Novice: 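This is the structure I want to talk about, given as structure tokens.
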Amino acid sequence: MLEIGNKAPDFCAPNQDDVEICSRDLDGKWIVLYFYPKDLTPGCTTQACDFTTSHLEFDDLDAVILGVSPDDTAKHRKFIEKHDLSITLLADEDKKICEDYGVWQLKKFMGKEYMGVVRSTFIISPDGKIAAVWEKVSVRKKKTVKGEKIEILHVNEVKEKLQELQSN
């Protein structure tokens, strides 16, 4: 897994419209690059919908949101249409971007081991460096604060970190 301060690996991949998106074309912008296992699954849908809901706020922060999974562009289009998503999804069918970012890992589920995407988010600074990393992301987590249960949205953590990074 990459660490804060590392140069972000370059990438090029087709988006949901079969248009190639390359990191070099985004130089000078903040990038929120999030990796998720599979389109049209509950956790991935919640995450994509949360980023869509906050899309304009990220635009105001001059940040591009890119979701990456091994799904193909046709599946991304279906996912976007079904849930009216406004974010860009990249198809990493050969898993190169996932491997470069260290999120293609051995996973275990119900006693079986398999390779898969570990849900992770990176903020890449305008100068192309990793500015923040979240590994093994919980899209929404419950926390008790002063005896009251509250829900913490990962998208809000990312937005707050981006605001903090930009104010420094």
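For the numbers below, each heavy atom of this structure counts, side chains included, while hydrogens, waters and symmetry mates do not. This is a predicted model, so every value here is computed, not measured.
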Novice: Determine whether a donor-acceptor pair (N or O, by modelled atom type, separation under 3.5 Å) exists between the side chain of D50 and the backbone of S54.
Specialist: no

Novice: Roughly how far, to the nearest 0.5 Å, is the OH atom of Y34 from the CG atom of L66?
Specialist: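 Atom-to-atom, L66:CG and Y34:OH are 9.5 Å apart.
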
Novice: Decide ring-ring contact (aromatic ring centres under 6.0 Å, His included) for Y114 and F109; before the verdict, give the C-alpha distance in whole Å, the side-chain angles of both, and the deciding distance to 0.1 Å.
Specialist: CA-CA 8 Å; Y114 62 98; F109 183 70; 7.4 Å; no

Novice: Quick one: closest heavy-atom pair of T73 and D18, and the distance?
Specialist: OG1-OD1, 2.8 Å

Novice: Decide yes or no for F58 and V32: does some side-chain heavy atom of the first lie under 4.5 Å from some side-chain heavy atom of the second?
Specialist: yes

Novice: Cluster question for you: counting only ILVMFWY and a side-chain heavy-atom cut-off of under 4.5 Å, with indirect links fine, are I31 and I21 together?
Specialist: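 I31 clusters together with I21.
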
Novice: Look at K161 together with E164 and state whether they make a salt bridge at an N to O cut-off of under 4.0 Å.
Specialist: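 The answer is yes: the pair qualifies as a salt bridge.
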
Novice: Within the structure provided, determine whether V117 and P70 are in side-chain contact (heavy-atom separation under 4.5 Å).
Specialist: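 They are in contact (side-chain heavy atoms under 4.5 Å apart), so the answer is yes.
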
Novice: State whether the side chain of N168 and the backbone N or O of L165 hold a donor-acceptor pair below 3.5 Å, judged by distance alone.
Specialist: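 Side chain of N168 to backbone of L165, a donor-acceptor pair under 3.5 Å: no, none is there.
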
Novice: Just by distance, no angles: are the side chains of T88 and N15 close enough, under 3.5 Å, to form a donor-acceptor pair?
Specialist: no

Novice: For G43 and V139, work out which heavy atoms get closest and say how close.
Specialist: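 Heavy atoms only, the tightest pair is O-CG2, 3.7 Å.
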
Novice: Can you tell if the side chain of S23 reaches within under 4.5 Å of the side chain of L26, non-hydrogen atoms only?
Specialist: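 Sidechains of L26 and S23: no contact.
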
Novice: Is V103 reachable from V137 through a run of I, L, V, M, F, W or Y residues, each pair having side-chain heavy atoms under 4.5 Å apart?
Specialist: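 V137 and V103: separate clusters.
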
Novice: In the structure I gave you, are the side-chain heavy atoms of F11 and Y101 within less than 4.5 Å of one another anywhere?
Specialist: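 With C-beta onward as the side chain, the pair touches.
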
Novice: Hydrophobic clustering (ILVMFWY, side-chain heavy atoms < 4.5 Å, transitive) - are L90 and V155 grouped together?
Specialist: no

Novice: Where do R24 and C12 come nearest, in terms of heavy atoms and distance?
Specialist: NH1-SG, 3.5 Å

Novice: Where does the angle between the aromatic ring planes of W134 and H154 fall among parallel (under 30°), tilted (30 to 60°) and perpendicular (over 60°)?
Specialist: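 It falls in the perpendicular class, over 60°.
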
Novice: Does atom NZ of K95 have more than 12 heavy-atom neighbours, drawn from other residues, nucleotides or ligands, at distances under 6.0 Å?
Specialist: yes

Novice: Does NZ in K7 sit with more than 12 non-hydrogen atoms of other residues, nucleotides or ligands closer than 6.0 Å?
Specialist: yes

Novice: Identify the two heavy atoms, one from C49 and one from H83, that lie closest to each other, and give their separation to 0.1 Å.
Specialist: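 Reported closest heavy-atom pair: SG-CB, 4.1 Å.
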
Novice: Using modelled atom types only, decide if a donor and an acceptor are shared between the side chain of R77 and the backbone of Q16 within a distance under 3.5 Å.
Specialist: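 The answer is yes, because a donor-acceptor pair under 3.5 Å joins these two groups.
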
Novice: Salt bridge or not for K96 and D92, using N-O below 4.0 Å?
Specialist: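 Salt bridge: no.
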
Novice: Mark yes or no for whether N6, through its side chain, and A8, through its backbone, hold a donor-acceptor pair below 3.5 Å.
Specialist: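 Absent.
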
Novice: Between D39 and H76, do the side chains contain an N or O donor and an N or O acceptor separated by less than 3.5 Å?
Specialist: yes

Novice: If you round to the nearest 0.5 Å, how far is CG of L153 from OG of S138?
Specialist: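 If we round to the nearest 0.5 Å, S138:OG and L153:CG are 11.5 Å apart.
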
Novice: So do the side chains of L61 and Q163 get within less than 4.5 Å of each other, counting heavy atoms only?
Specialist: yes

Novice: How many angstroms lie between atom CG of L89 and atom OG of S69, to the nearest 0.5 angstrom?
Specialist: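 If I round to the nearest 0.5 Å, the distance is 7.0 Å.
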
Novice: Has the side chain of D17 got a donor or acceptor atom that lies under 3.5 Å from a matching backbone atom of V19?
Specialist: no

Novice: So, the side chain of T41 versus the backbone of K38: is there a donor-acceptor pair under 3.5 Å, distance only?
Specialist: yes

Novice: Take a 6.0 Å sphere around CD of E20 and say whether it holds more than 12 heavy atoms from other residues, nucleotides or ligands.
Specialist: yes

Novice: Pairing donors with acceptors under 3.5 angstrom, does anything connect the side chains of Q47 and R140?
Specialist: no

Novice: Output yes when K159 and E57 qualify as a salt bridge under the 4.0 Å nitrogen-oxygen rule, no when they do not.
Specialist: yes

Novice: To check you understand the geometry: which heavy-atom pair defines the closest contact between I123 and V158, and what is its length?
Specialist: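 In this case the closest contact between I123 and V158 is CD1-O, 3.8 Å.
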
Novice: Using a 3.5 Å distance criterion without hydrogens, assess whether the side chain of D71 forms a donor-acceptor pair with backbone atoms of K75.
Specialist: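 Not a single qualifying donor-acceptor pair exists.
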
Novice: If we ignore hydrogens and angles and just use 3.5 Å, is the side chain of Q105 paired with the main-chain N or O of M115 as donor and acceptor?
Specialist: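 Answer holds: no.
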
Novice: Ignoring hydrogens, what is the shortest heavy-atom contact between L2 and P9? Give both atom names and the distance.
Specialist: CD1-CD, 3.3 Å

Novice: Okay, side chain of S120, backbone of V118: is any donor-acceptor separation there less than 3.5 Å?
Specialist: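 Confirmed, S120 side chain pairs with V118 backbone.
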
Novice: In terms of heavy-atom contacts, does CD of E151 have more than 12 from other residues, nucleotides or ligands at under 6.0 Å?
Specialist: yes

Novice: CD/Q166 to CG/D62 distance, rounded to the nearest 0.5 angstrom?
Specialist: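 So the CD of Q166 and the CG of D62 are separated by 7.5 Å.
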
Novice: For the atom pair NZ (K82) and CG (L85), what is the distance rounded to the nearest 0.5 Å?
Specialist: 11.5 Å

Novice: Would you kindly confirm whether L40 and F51 end up in one hydrophobic cluster when ILVMFWY residues are joined by side chain heavy atoms under 4.5 Å apart?
Specialist: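 Same cluster: L40 reaches F51 through Ile, Leu, Val, Met, Phe, Trp or Tyr contacts under 4.5 Å.
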
Novice: Are the side chains of L33 and I124 in touch, meaning some heavy atoms are under 4.5 Å apart?
Specialist: yes

Novice: How long is the straight-line distance from CD1 of I65 back to OG of S86, given to the nearest 0.5 Å?
Specialist: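 The OG atom of S86 sits 7.0 Å away from the CD1 atom of I65.
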
Novice: Aromatic rings Y36 and F79: how do their planes relate, parallel, tilted or perpendicular, breaks at 30° and 60°?
Specialist: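 Tilted, since the angle between the ring planes falls between 30° and 60°.
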
